[in-house]
Enquirer: 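Please read through the structure below; I'll follow up with questions.
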Amino acid sequence: MLEDGRARALIVSEALLPNFEPLLKSLPFVKHVVVSGKDPHGHAHLQSLMARAGTDFAAAPTTCDDVCFWLYSSGSTGTPKGTLHIHSSLIQTAELYARPVLGIRESDIVFSAAKLFFAYGLGNSLTFLWQWARPRC
């Protein structure tokens with residue numbers, strides 16, 4: 001996924017760093033490794049970077065048709081494939097599934113055991129309720 005997405009930075013926990021270390025030399029696009037935890041093992045330290053970070057942020061100048069995120073297939077038919085999703089497609093999970101199929105209403109409280117990096121977790125934990133609190137594109 002790092003190679004496929006041409007990621008320029010990897011942010012990883014200290015516990016998972018050993019899993020990534022052998023791969024780093026074969027990832028031509030990764031220029032920065034940031035490690036969270038006590039010891040960054042010679043890489044940039046997330047906590048130190050956060051302590052020095054400013055408080056002013058400018059929103060990226062994106063449009064509804066710009067790529068927003070990738071979700072990967074399970075790889076059941078071979079190598080997992082990244083599927084690009086644009087900013088405006090996020091709301092579609094609410095408008096085409098959450099409201100008409102699940103019947104989610106503005107007053108509902110939702111819980112999802114699925115993590116945000118799974119499609120259902122992303123929808124149930126984040127986007128299903130956006131239909132009531134979002135600017136229109």
Side-chain angles (χ1 to χ4, degrees):
M1 289 180 199
L2 289 168
E3 186 175 347
D4 191 30
R6 299 182 185 142
R8 294 181 60 197
L10 166 65
I11 301 172
V12 63
S13 68
E14 181 181 358
L16 290 178
L17 181 62
N19 296 333
F20 287 89
E21 284 283 7
L23 305 173
L24 293 177
K25 290 183 177 137
S26 66
L27 298 169
F29 300 104
V30 174
K31 304 297 181 201
H32 309 280
V33 177
V34 180
V35 179
S36 68
K38 291 181 181 180
D39 183 356
H41 301 274
H43 299 288
H45 190 227
L46 179 63
Q47 288 80 347
S48 299
L49 293 173
M50 296 290 287
R52 294 192 315 263
T55 57
D56 295 330
F57 297 98
T62 61
T63 69
C64 296
D65 295 328
D66 287 336
V67 173
C68 180
F69 66 100
W70 295 25
L71 285 177
Y72 274 80
S73 67
S74 65
S76 60
T77 60
T79 303
K81 294 159 188 69
T83 305
L84 305 175
H85 296 271
I86 60 176
H87 284 271
S88 57
S89 65
L90 276 172
I91 193 61
Q92 299 305 315
T93 60
E95 292 180 348
L96 300 176
Y97 181 68
R99 189 174 26 166
V101 175
L102 299 178
I104 292 180
R105 298 179 312 264
E106 185 173 11
S107 59
D108 288 340
I109 296 172
V110 297
F111 172 79
S112 179
K115 306 292 187 249
L116 286 172
F117 53 81
F118 293 113
Y120 195 84
L122 181 67
N124 196 47
S125 297
L126 184 67
T127 63
F128 287 179
L129 300 177
W130 278 2
Q131 60 190 316
W132 296 286
R134 69 178 174 94
R136 299 284 176 182
C137 290

Enquirer: For T127, enumerate each residue passing the side chain to side chain donor-acceptor pair (under 3.5 Å) test, keeping only those at least two apart in sequence or located in another chain.
Expert: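 Residues passing side chain to side chain donor-acceptor pair (under 3.5 Å) with T127: T93.
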Enquirer: Cut-off 3.5 Å, no hydrogens considered: what does the side-chain donor-acceptor table look like for residues 48-61, sequence neighbours left out?
Expert:
residue: S48; atom: OG; partner: H45; partner atom: ND1; Å: 2.9

Enquirer: By side-chain contact (heavy atoms from CB on, under 4.5 Å), which residues pair with T63, not counting sequence neighbours?
Expert: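 Applying side-chain contact (heavy atoms from CB on, under 4.5 Å) to T63 gives D65, D66.
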Enquirer: List, one per line, each side-chain donor-acceptor pair under 3.5 Å for residues 8-22, sequence neighbours excluded.
Expert:
residue: S13; atom: OG; partner: L16; partner atom: N; Å: 3.2
residue: E14; atom: OE1; partner: K38; partner atom: N; Å: 2.9
residue: E14; atom: OE1; partner: D39; partner atom: N; Å: 3.2
residue: E14; atom: OE2; partner: H41; partner atom: NE2; Å: 3.3
residue: E21; atom: OE2; partner: H43; partner atom: NE2; Å: 2.9

Enquirer: Look at the side-chain heavy atoms of Ile, Leu, Val, Met, Phe, Trp and Tyr, link any pair under 4.5 Å apart, and say whether I91 and L71 land in one connected group.
Expert: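 They do share one cluster, since a chain of ILVMFWY contacts under 4.5 Å joins I91 to L71.
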Enquirer: Answer with yes or no whether the hydrophobic clustering places L90 together with V67; edges join I, L, V, M, F, W, Y residues whose side-chain heavy atoms lie under 4.5 Å apart.
Expert: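 No, because L90 and V67 fall into different hydrophobic clusters, even though each may have its own neighbours under 4.5 Å.
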Enquirer: With sequence neighbours excluded, what pairs up with F69 under the ring pair (Phe, Tyr, Trp, His ring centres under 6.0 Å) test?
Expert: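 Once residues adjacent in sequence are excluded, the partners of F69 under the ring pair (Phe, Tyr, Trp, His ring centres under 6.0 Å) criterion are H85.
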Enquirer: Taking transitive links into account, so neighbours of neighbours count too, which hydrophobic residues share a cluster with L96 at under 4.5 Å side-chain distance?
Expert: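 In the cluster with L96 there is nothing else; it is isolated.
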Enquirer: Taking all non-hydrogen atoms of both residues into account, name the closest pair between F128 and A98 and its distance.
Expert: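 In terms of heavy atoms, the two residues are closest at CG-CB, 3.5 Å.
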Enquirer: Locate the shortest heavy-atom distance separating G82 from D4; write the atom from each residue and the value.
Expert: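 Distance-wise, the nearest heavy atoms are N-OD2, 4.3 Å.
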Enquirer: Where is the tightest heavy-atom contact between Q47 and S36, given as atom of each residue plus distance?
Expert: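 Looks like OE1-CA, 3.6 Å.
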Enquirer: List the atom pairs, donor and acceptor, that lie under 3.5 Å between side-chain atoms in residues 110-125 and the rest of the protein, sequence neighbours left out.
Expert:
residue: S112; atom: OG; partner: A114; partner atom: N; Å: 3.2
residue: S112; atom: OG; partner: A114; partner atom: O; Å: 3.4
residue: N124; atom: ND2; partner: F111; partner atom: O; Å: 2.7
residue: S125; atom: OG; partner: G121; partner atom: O; Å: 3.2

Enquirer: Does Y97 have any side chain to side chain donor-acceptor pair (under 3.5 Å) partners at least two apart in sequence or in another chain, and if so, which?
Expert: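 Here no residue qualifies.
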